[in-house]
Each structure stands twice: as C-alpha cells, then as structure tokens.
Engineer: 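The following block contains the structure, expressed as structure tokens.
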Amino acid sequence: MDRRAWITLLVVVAGTTAGRLWLASALPLVDDEAYYWAWAQRPAWGYPDHPPAVAGMIGVTTALLGDTPLGVRFGAVLLAAGTTALVFALGRMMFGASAGLVAAIGFQLIPSFTLGSLFAFPDAPFIFFWILTLWALWRARSAGRPLDWVLTGLGAGLAMLSKMTAVFLLISVAGFLLGAPSERRWFRRPEPYLAAAIALLVLLPFLSWNATHHWATFQRARAPLAWIRTDLPALSAAAFLAAQLAYYGPVTAPLLVAALAASAVPRRRDPRHLFLLWSALPLMGVTWAASFDGIPKPHWHAPGFLVALIAAGALWAEVRTRRPWRITAGAAAAVNLAAVAALAALPFRPDYAGAGQLWGWDQLAARLQPLMEATPERPGRFVMTAAYQTAGQIEYHLRRRYTVATPNEGGDAYDLWVPAQHLIDRNAVYLNDLRAPPGVPLARMFRTVERLPDIEVVLHGRVVRRFAVYRGLGFRGVPRPAAVPR
C-alpha cells in the first residue's frame with residue numbers, strides 16, 4: 001500500500017504543481033503580491049504588516065528567475081508541493097498511508113488551498129512551516145530524537161517569521177504536551193526546552209527589528225482592519241461562516257469540521273486525536289470568536305482546516321464502505337473541482353467584472369512614465385498614491401524608477417521607507433482610483449495642484465478602470481487633522 005500511495009502522491013504533486021506553475025506565469029501580479037515584491041527589494045527583518053518570510057521567499061526566487069510573475073510566485077508553488085508531501089507524511093505516520101493520501105489529495109481539492117497556493121502571500125510559508133512543525137513534533141514525541149526536536153523549534157520559529165498568528169502554534173504544541181497524559185513526561189526532559197530556545201533564537205532578529213521601529217508589526221496587529229463591517233456581531237459572524245463555505249467548499253467545510261469534532265469523541269481520546277484537536281482548535285476557536293467583531297479574514301485559520309484534512313483521512317477508512325458517505329465525499333470533490341476550475345478561468349474571461357483590478361497595470365505604468373518625465377526634476381520628484389496596493393503595482397511595473405510614496409500616515413511600509421518629511425518641496429504626480437474616495441487633501445499638501453487627464457485602462461476595447469491624475473508642485477507635508485473643540 002505504501003508504494004502505491006507514494007506513486008499516487010508523486011503523480012498528484014507533479015500534476016498540480018505543473019498547473020500552478022502555468023497559472024503563476026500566465027496571471028499578472030495581484031496588488032498584495034506587488035506590495036510584497038516591493039518588500040523584497042528592501043530586505044529587512046520586519047515590516048509593519050507582517051514578519052519577513054514572504055519578502056525573503058520572493059527575494060530568493062526573483063534572484064533566480066527574474067522579476068516576472070513566475071519568479072515572484074515560484075516559492076509559493078514549491079511550498080505548496082512541500083505542504084502536500086508533509087500532510088501525506090504526517091497522516092501516514094499517525095493513521096497509515098491511506099489516511100495520508102486522502103489528506104494530501106484533499107489539499108488539492110479545497111479552493112482556498114488550491115488557488116491560494118498559487119500566490120506569493122505570507123500564507124504560503126506560514127502553512128508550510130505550521131505543518132512542518134507538527135510533522136517534526138510527532139516524530140520527536142514518537143522517537144525522541146534530539147534532531148526532531150531541533151526541527152520542531154526551527155519550524156515554529158519560521159512559522160512566526162511568516163505570520164503573527166503563528167503564536168497559536170506555540171499554544172497548540174504546549175497544550176498537547178500538557179493536555180495528553182502520555183506526553184507530560186517531556187516536561188522533565190530537556191528536548192522541548194531546546195526546541196523553544198531554537199524558536200526564540202530564530203525569532204530574535206524580528207523582535208530586534210521591531211524594538212528599533214516602535215514595535216511597528218505588533219502595533220499593526222493590535223489594531224487590525226476589519227474584514228467586514230456590519231455593526232451587528234451576529235451578522236458579522238454569519239458572514240464569516242458563509243465565507244468558510246466559499247473558501248473551503250460548501251460541502252467540504254462542514255465535513256472537515258465534523259471530522260475534527262469526531263476527534264473529540266471520548267472513545268477517540270488517544271494521543272493522535274488529541275494532537276489533531278490541539279493543532280487546530282486554538283487558532284480556529286479564537287478566529288471564530290473574533291468573527292463577531294468582523295476582524296478575521298476567512299483564510300486566517302487555514303492551518304486548522306489543513307489539520308482537519310488529516311482527521312478526515314483517518315475517518316475515511318471507517319466510512320468509505322458506506323454508500324451515503326461515498327456519495328457525500330464525491331459531491332464535495334465535484335463541487336470543489338467545479339469551483340476551482342471556474343475561479344481559475346475567470347480572470348481570462350473578456351467580461352470578467354474584476355478585470356480592471358488585475359490586468360492593465362502595464363498600461364498605467366506606460367502612461368505614467370511621460371507624466372513623470374514632464375514633472376520638474378528639481379529638487380526631486382515622486383509618485384504619490386493613496387493606497388499601498390497602487391504604490392506596489394507602480395513600483396513593480398516601473399521597476400522602482402521613481403520614488404513612490406503613500407504619505408497618508410496609514411501605517412503601511414511606504415510610510416516607513418519614505419517618510420513624508422523627506423519629501424518636502426518635491427514635486428509629484430498623484431494617482432487615485434476614481435472608484436475609491438479622494439484619499440488626501442491635495443490643495444493643502446502642495447503649493448500648486450494641476451488636474452491632468454484621467455488614465456484609462458482598456459481591455460478588449462472597453463474601459464475597465466479609470467484613475468484621476470494630478471500634478472502637485474512643492475510638497476508641504478501631510479496636514480494634521482483639525483483639533484476638535486472642547
């Protein structure tokens with residue numbers, strides 16, 4: 001069985017990786033990817049939005065493959081293949097090759113994982129290192145080899161260098177070792193403390209960077225932007241619940257939650273099921289609780305669903321002979337495959353409503369170039385936007401030919417790289433998506449302001465996006481909000 005499972009796994013990984021590589025090369029960068037590319041051009045141990053792993057990943061792959069969409073995304077695609085292999089290996093160690101294979105195949109059938117693995121987001125290293133930590137921990141508690149504990153600490157540290165929510169991975173590890181009676185013996189041994197020390201050592205450069213930058217990443221994490229605003233906690237939670245059905249499959253999501261719940265049944269209270277519960281519930285529980293405030297995004301607790309795939313693989317051996325379960329599983333797979341195919345094809349449709357958000361940034365850059373050349377060069381000139389998404393796309397498509405700034409004190413990385421006070425007296429071209437609010441009070445920020453013709457993005461013969469364009473001479477700084485009279 002093992003040999004057949006390994007062969008099947010190799011075929012699955014090869015096929016899905018080939019598909020992702022093709023899509024990665026065919027699609028232009030989305031806004032956040034361009035922003036993370038800009039991070040990679042300024043290597044650091046931290047950024048206001050996230051820890052540095054995604055920037056490091058993009059920096060390595062673009063150094064090898066160039067600043068192309070494939071070069072930016074290559075690391076994410078490779079990590080998706082690695083995550084698939086680790087899910088299989090962990091499921092195989094815990095419940096057998098069949099369970100591991102079901103979990104690995106399931107990873108390819110969930111829309112959030114299948115398509116999310118294509119893009120160069122922090123989630124790619126985050127999910128990989130989360131599952132690497134769990135795989136190493138299970139090996140460590142089974143065999144007790146110090147090297148496995150070293151790998152556990154290394155994986156946990158790198159997960160925390162990927163996303164701040166990796167703190168729940170530490171809670172999961174500690175909870176399992178404390179909560180499972182068979183595992184408490186490890187607290188009398190040095191190996192877990194060695195793993196914790198290694199994780200802290202890996203994290204130290206990130207902590208040091210934050211200490212010298214006013215704890216920027218932690219300040220941003222303390223006040224995250226809400227994913228959805230309804231002003232009704234129950235409605236926000238309901239919207240988050242509905243999003244789970246879209247991200248993880250309308251049939252698959254309930255099945256995976258049920259598989260995790262089955263691990264809590266008393267007859268299953270063995271270390272394997274406790275391990276799965278502790279690996280998923282802290283992150284998922286806090287995320288679900290926070291959904292009443294509308295804060296969490298649907299992919300924030302993705303590692304929990306990844307662990308649930310292993311629980312589902314373990315249960316499949318018991319229920320696969322029952323016809324209702326086979327029909328349900330087949331329906332879940334069919335619905336997810338249809339959703340993945342539709343979402344992958346959508347950007348290539350001429351009538352795609354969101355085409356202007358994805359395509360046409362090269363047109364904007366080409367139109368912007370002569371406008372910048374016509375802007376007085378002394379004492380300096382820069383491109384100004386109201387949002388980091390536009391700033392990242394402009395930097396990427398103009399390959400950092402001009403300084404790009406978002407002097408709106410919004411707390412993004414551009415505020416750190418290009419402080420507003422460093423731009424005083426310079427001249428700028430300001431761009432703003434007309435579908436967005438005006439963004440900034442230009443007349444108070446420049447000595448003179450000139451409205452230029454709009455820049456239109458045209459696809460398939462129709463205008464899909466329009467940008468308002470201004471030229472400002474003599475930047476005077478960001479005006480302070482008016483004081484509220486007492």
Side-chain angles (χ1 to χ4, degrees), residues 1 4-17 19-20 77 79-118 123-124 127-128 130-132 134-135 244-263 272-273 275-277 279-280 283-284 298-299 301-322 324-341 343-344:
M1 175 62 186
R4 187 165 51 187
W6 278 109
I7 292 174
T8 303
L9 177 71
L10 289 174
V11 171
V12 168
V13 169
T16 55
T17 301
R20 289 189 182 109
V77 174
L79 288 178
T83 299
T84 304
L86 285 170
V87 167
F88 169 77
L90 180 56
R92 175 177 171 271
M93 278 196 300
M94 296 179 69
F95 299 103
S98 177
L101 189 59
V102 168
I105 293 175
F107 179 71
Q108 318 307 317
L109 298 177
I110 293 179
S112 179
F113 292 138
T114 301
L115 297 176
S117 300
L118 170 69
D123 303 87
I127 291 174
F128 174 81
W130 186 292
I131 200 68
L132 173 66
L134 298 183
W135 174 79
Q244 307 310 299
L245 304 181
Y247 271 64
Y248 304 101
V251 182
T252 307
L255 288 178
L256 293 179
V257 172
L260 268 182
S263 293
R272 296 176 300 172
H273 293 282
F275 183 77
L276 294 179
L277 285 172
S279 299
L283 176 60
M284 295 185 80
H299 65 277
H301 60 180
F305 279 95
L306 191 61
V307 172
L309 280 169
I310 297 174
L315 285 175
W316 180 244
E318 300 179 18
V319 303
R320 63 184 176 183
T321 58
R322 303 175 191 174
W325 284 108
R326 292 203 307 273
I327 293 174
T328 303
V335 169
N336 286 3
L337 279 173
V340 168
L343 290 171

Engineer: Contact between T16 and F107 at the side-chain level, heavy atoms closer than 4.5 Å - yes or no?
Structural biologist: no

Engineer: List in chain and number order the residues that pass side-chain contact (heavy atoms from CB on, under 4.5 Å) with L343, two or more places apart in sequence or in another chain; answer none if no residue qualifies.
Structural biologist: L115

Engineer: Please determine whether side chain to side chain contact (heavy atoms under 4.5 Å, CB included) holds for the pair F113 and T83, giving the CA-CA distance in whole Å, both sets of side-chain angles, and the decisive distance to 0.1 Å.
Structural biologist: CA-CA 10 Å; F113 292 138; T83 299; over 6 Å; no

Engineer: Hey, could you give me the CE/CD1 distance between M93 and I310, rounded to the nearest 0.5 Å?
Structural biologist: 9.0 Å

Engineer: List the atom of A97, the atom of A5, and the distance in Å for their closest heavy-atom pair.
Structural biologist: CB-CB, 3.9 Å

Engineer: Answer whether the closest heavy-atom distance between the side chains of E318 and W325 falls below 4.5 Å.
Structural biologist: no

Engineer: If we only count heavy atoms from C-beta on, is the V257 to F305 side-chain gap below 4.5 Å?
Structural biologist: yes

Engineer: As a test of understanding, state which of V102, L260, I110 forms a side-chain contact (heavy atoms from CB on, under 4.5 Å) with L309.
Structural biologist: I110

Engineer: Which heavy atom in A339 sits nearest to a heavy atom in P111, and how many Å separate them?
Structural biologist: CB-CG, 4.4 Å

Engineer: Nearest 0.5 Å please: distance from the OG atom of S263 over to the CG atom of L315.
Structural biologist: 6.5 Å

Engineer: Can you confirm if the aromatic rings of H273 and F95 lie within a centre distance of less than 6.0 Å?
Structural biologist: yes

Engineer: If you look only at pairs with a residue in residues 303-315, which of them pass as a side-chain hydrogen bond (donor to acceptor under 3.5 Å, both in side chains), with sequence neighbours excluded?
Structural biologist: none

Engineer: Mind checking the CD1-CG spacing from I131 to L306? Nearest 0.5 Å is all I need.
Structural biologist: 4.5 Å

Engineer: Tell me which pairs pass side-chain hydrogen bond (donor to acceptor under 3.5 Å, both in side chains) where either residue lies in residues 247-256, with sequence neighbours left out.
Structural biologist: T252-N336

Engineer: Could you pull out the closest heavy-atom pair between H301 and Q244, with the gap in Å?
Structural biologist: NE2-OE1, 2.6 Å

Engineer: Give the minimum heavy-atom separation between A259 and A311, together with the two atoms involved.
Structural biologist: O-CB, 3.8 Å

Engineer: For V335, give me all partners under side-chain contact (heavy atoms from CB on, under 4.5 Å), at least two apart in sequence or on another chain.
Structural biologist: P250

Engineer: So, for L109 and T114, which heavy atoms are closest and what is the spacing to 0.1 Å?
Structural biologist: N-OG1, 3.7 Å

Engineer: Mind checking salt bridge (charged side-chain N to carboxylate O under 4.0 Å, His left out) for R20 and listing every partner two or more places apart, or none if nothing turns up?
Structural biologist: none

Engineer: Can you name the closest pair of heavy atoms from A81 and T17 and give their distance?
Structural biologist: CB-OG1, 3.7 Å

Engineer: Taking only distance into account, with no hydrogens and no angle test, what donor-acceptor pairs under 3.5 Å do side-chain atoms of residues 84-91 form with protein atoms, sequence neighbours excluded?
Structural biologist:
{"from": "T84", "atom 1": "OG1", "to": "A80", "atom 2": "O", "distance (Å)": "2.9"}
{"from": "T84", "atom 1": "OG1", "to": "Q108", "atom 2": "NE2", "distance (Å)": "2.8"}

Engineer: Should P254 and L245 count as side-chain neighbours, where that means a heavy-atom distance under 4.5 Å?
Structural biologist: yes

Engineer: Does some side-chain heavy atom of W316 sit less than 4.5 Å from a side-chain heavy atom of R326?
Structural biologist: yes

